[in-house]
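Working notes, beginning with the structure itself.
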Amino acid sequence: MPIKNPVSDKDLNSDHYFQKVFDVTSLIPVGRVTTYGAIADFLALGSARMVGWALNNCHSQDDKIPAHRVVNRLGELSGRNHFATPTLMQDRLEKEGVLIKDDKVVKMDVHFGIRREIADY
DNA sequence: GACCTGACGCCCC
DNA sequence: AGGGGCGCCAGGT
């Protein structure tokens, strides 16, 4: 065999994984937020860390991906420093009616939802 | 190739 | 009840 088998369907480390994360993120409605872990659980693929890794790459796709609606488990805006300006994430959320205080969503129980399942969207 | 560093989160004090 | 340890998995050095 002259060449190695080019098939490497790892699903992870491929653009396919990025696309899945972007697709799920796009499902989050205005005024709601979700978490890195919830996305990882929903996909049953990768980990919360990898969702952050994928989201970090979302600039290559489109600005249409509402990455500002993804926060950490405690509701903290842990990704705010990766936006064009450090306040952009908070600005967008507040514009959608999500109250932020000290870089944190004030009422996660309201905005994240009681059942914490993306499938509900 | 070992080691560190993350847009994280569970477990255990 | 808040803080530290550690697994996670890809990239960079």
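Below, read A as the first sequence line, B as the second, and so on, with proteins coming before strands; counting in each chain starts at 1.
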Gap in Å between the two P atoms, one belonging to C:dG5 and one to B:dC4, rounded: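 My reading of the P atoms in C:dG5 and B:dC4 gives 15 Å.
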Got a sec, which pairs hit side-chain hydrogen bond (donor to acceptor under 3.5 Å, both in side chains) with one end in residues 27-45 of chain A, sequence neighbours left out?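 Checked against side-chain hydrogen bond (donor to acceptor under 3.5 Å, both in side chains) - neighbours excluded - no pair reaches residues 27-45 of chain A.
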Give the rounded distance in Å between these two atoms: CE of A:Met50 and P of C:dG11.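 Checked: the CE to P distance equals 8 Å.
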Interatomic distance, A:Leu45 CG vs C:dC9 C1' [rounded to whole Å]: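 In whole Å, C:dC9 C1' and A:Leu45 CG are 11 Å from each other.
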Would you name the heavy atoms of [X] and [Y] that are closest together and state the gap between them?
{"X": "A:Val71", "Y": "A:Met108", "result": "CG2-CE, 3.9 Å"}
{"X": "A:Asn57", "Y": "A:Phe18", "result": "ND2-CZ, 3.7 Å"}
{"X": "A:Gly46", "Y": "A:Tyr17", "result": "CA-OH, 4.1 Å"}

Assess whether atom CG of A:Asp109 is packed by more than 12 heavy atoms of other residues, nucleotides or ligands within 6.0 Å.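 Result for CG/A:Asp109: enclosed.
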Do A:Arg92 side-chain atoms and A:His68 backbone N/O form a donor-acceptor pair below 3.5 Å?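 Answer holds: no.
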Donor-acceptor pair, distance only, cut-off 3.5 Å: does the side chain of A:Arg80 make one with the backbone of A:Leu77?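 Confirmed, A:Arg80 side chain pairs with A:Leu77 backbone.
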Does the side chain of A:Arg69 come within less than 4.5 Å of A:Thr25's, by heavy atoms?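 The answer is no; the side chains never approach within 4.5 Å.
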Scoring nucleotides 3-9 of chain B by protein non-hydrogen atoms under 4.0 Å (B base, S sugar-phosphate only, - none) yields ---BBBS
Just the atom pairs and distances: protein N or O near nucleotides 2-6 of chain C's N or O, under 3.5 Å.
none

